[in-house]
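Here is the structure we will look at.
On a predicted model such as this, the values are computed, not experimentally measured, just so you know. When a ligand or atom number is given, it counts from 1 through the structure's own listing order.
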Amino acid sequence: MCFPGVEGQGGFGICIEGNIASGKTTCLEYFSKTSNLEVLTEPVSKWRNIQGHNPLALMYQDPVRWGLTLQTYVQLTMLDRHLSTMSAPVRMMERSIYSAKYIFVENLYRSGKMPEVDFAVLSEWFDWITSNIDIPVDLIVYLQTTPQTCYERLTQRCREEEKVIPLEYLETIHQLYEDWLINQMSFKVPAPVLVIPANHDLQKMLHQYEEHRGKILMGSK
Ligand SMILES: Nc1ncnc2c1ncn2[C@@H]1O[C@H](COP(=O)(O)OP(=O)(O)O)[C@@H](O)[C@H]1O
Ligand SMILES: Cc1cn([C@H]2C[C@H](O)[C@@H](COP(=O)(O)O)O2)c(=O)[nH]c1=O
């Protein structure tokens, strides 16, 4: 049994990856003005409100109790994003089901904040999904920042749930991303990776996006 994903729809799928507050949404906003390209932002609003509950806030308050709850919902909503019908030949999506598992679930588990049984359940779900459902990603764009830059941007963005995040948390997430996408020594990387240095100010970032536009969209031609 294998269900078709984006590829089955004949499209080209790009995932924008990076640490919390690295500038992914800003990047997507910029590319959203491109014709024949659809942009799918992360479903954070769903993670902040499922039938009146806020699993994102609960996870930050008590990760041991609520990590599984949040990550189960993240996995479902990411899968839903990957499998949704394409409205343009190129899709640019914020993060992926892969980073949810390889970065955030992995971090909860390794830091001792996710019980082994919760990790086992999530891992079996993830393995089942990725072996039975075609979730093709054609290109990963990694916005590479320092944790310090993200900390400053996160503080400036001031999302209520994230006020408890210390710099060390962003350092750990950063290292997990580097081991996955740069050193390629932790988990299988599902697509070629284009690295864009992303510590620069907004103007320079937009300039870089223009410079990289060809490389990002080329594979879709
Ligand atoms: N290059 C940049 N320089 C300074 N601030 C930025 C830059 N890119 C984004 N920001 C700001 O940083 C915060 C986080 O950016 P955002 O795009 O929401 O990141 P992400 O989607 O990766 O969490 C926002 O307040 C945004 O306006
Ligand atoms: C994918 C994923 C995200 N989160 C958390 C991390 C952040 O607080 C938000 C996402 O915001 P960003 O600015 O787009 O990075 O959600 C999480 O806890 N678990 C996950 O799998």
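Looking only at atom types and distance, the side chain of Glu210 has a donor-acceptor partner in the side chain of Tyr30 under 3.5 Å away. In this model, a donor atom of one side chain and an acceptor atom of the other lie less than 3.5 Å apart for Asn199 and Thr149. Side-chain contact annotation: Thr34 with Arg213, donor-acceptor N/O pair under 3.5 Å present. Judged purely by distance below 3.5 Å, without hydrogens or angles, the side chains of Ser84 and Arg91 pair a donor atom with an acceptor atom. Between the side chains of Gln148 and Glu152, at least one donor N or O sits under 3.5 Å from an acceptor N or O. A side-chain N or O of Tyr142 and one of Glu178 form a donor-acceptor pair less than 3.5 Å apart.
For a threshold of 3.5 Å applied to N or O pairs, the pair formed by Tyr169 and ligand 2 contains no separation below that value. The distance criterion of under 3.5 Å between nitrogen or oxygen atoms is met by Arg157 with respect to ligand 2. Residue Ile20 has no N or O atom closer than 3.5 Å to an N or O atom of ligand 1. In terms of polar-atom proximity, defined here as any N/O pair under 3.5 Å, Asn19 makes no such contact with ligand 2. For Ala21, a nitrogen or oxygen atom sits less than 3.5 Å from a nitrogen or oxygen atom of ligand 1, counting backbone and side chain alike.
Only the side chain of Val74 comes within contact range of ligand 2, with a heavy atom under 4.0 Å; no backbone atom does. Residue Met59 touches ligand 2 through its side chain alone, judged by heavy-atom distances below 4.0 Å. Contacts with ligand 2 closer than 4.0 Å are made by side-chain heavy atoms of Leu70 only, the backbone lying farther away. In Ser99, neither the side chain nor the backbone holds a heavy atom less than 4.0 Å from any atom of ligand 2.
For ligand 1, the atoms sitting less than 4.0 Å from at least one non-hydrogen atom of Glu94 are 21 (O), numbered in the order shown with element in parentheses. Against a heavy-atom cut-off of under 4.0 Å, Gln156 is close to the following atoms of ligand 1: 25 (O).
The closest approach between Glu161 and ligand 2 stays at or above 4.0 Å for every heavy atom of the residue.
Here atom 15 (O) of ligand 2 lies nearest to Arg95 when heavy atoms of Arg95, Gln75, Glu42 are compared. By heavy-atom distance, the residue among Leu56, Asn107, Thr41, Ile16 lying nearest atom 16 (O) of ligand 2 is Leu56.
Contacts classified as side-chain hydrogen bond (donor to acceptor under 3.5 Å, both in side chains) and involving residues 51-62 (residues at least two apart or in different chains) are given here: Asn54-Glu161.
For atom 3 (C) of ligand 2, the closest non-hydrogen atom of the protein is Trp47 CZ3, 3.6 Å.
Taking the six-membered ring for Trp and thresholds of 30 and 60 degrees, Trp180 and Tyr102 have ring planes more than 60 degrees apart, a perpendicular arrangement.
For His174 (side chain) and Leu170 (main-chain N/O), no donor-acceptor pair under 3.5 Å exists by modelled atom type.
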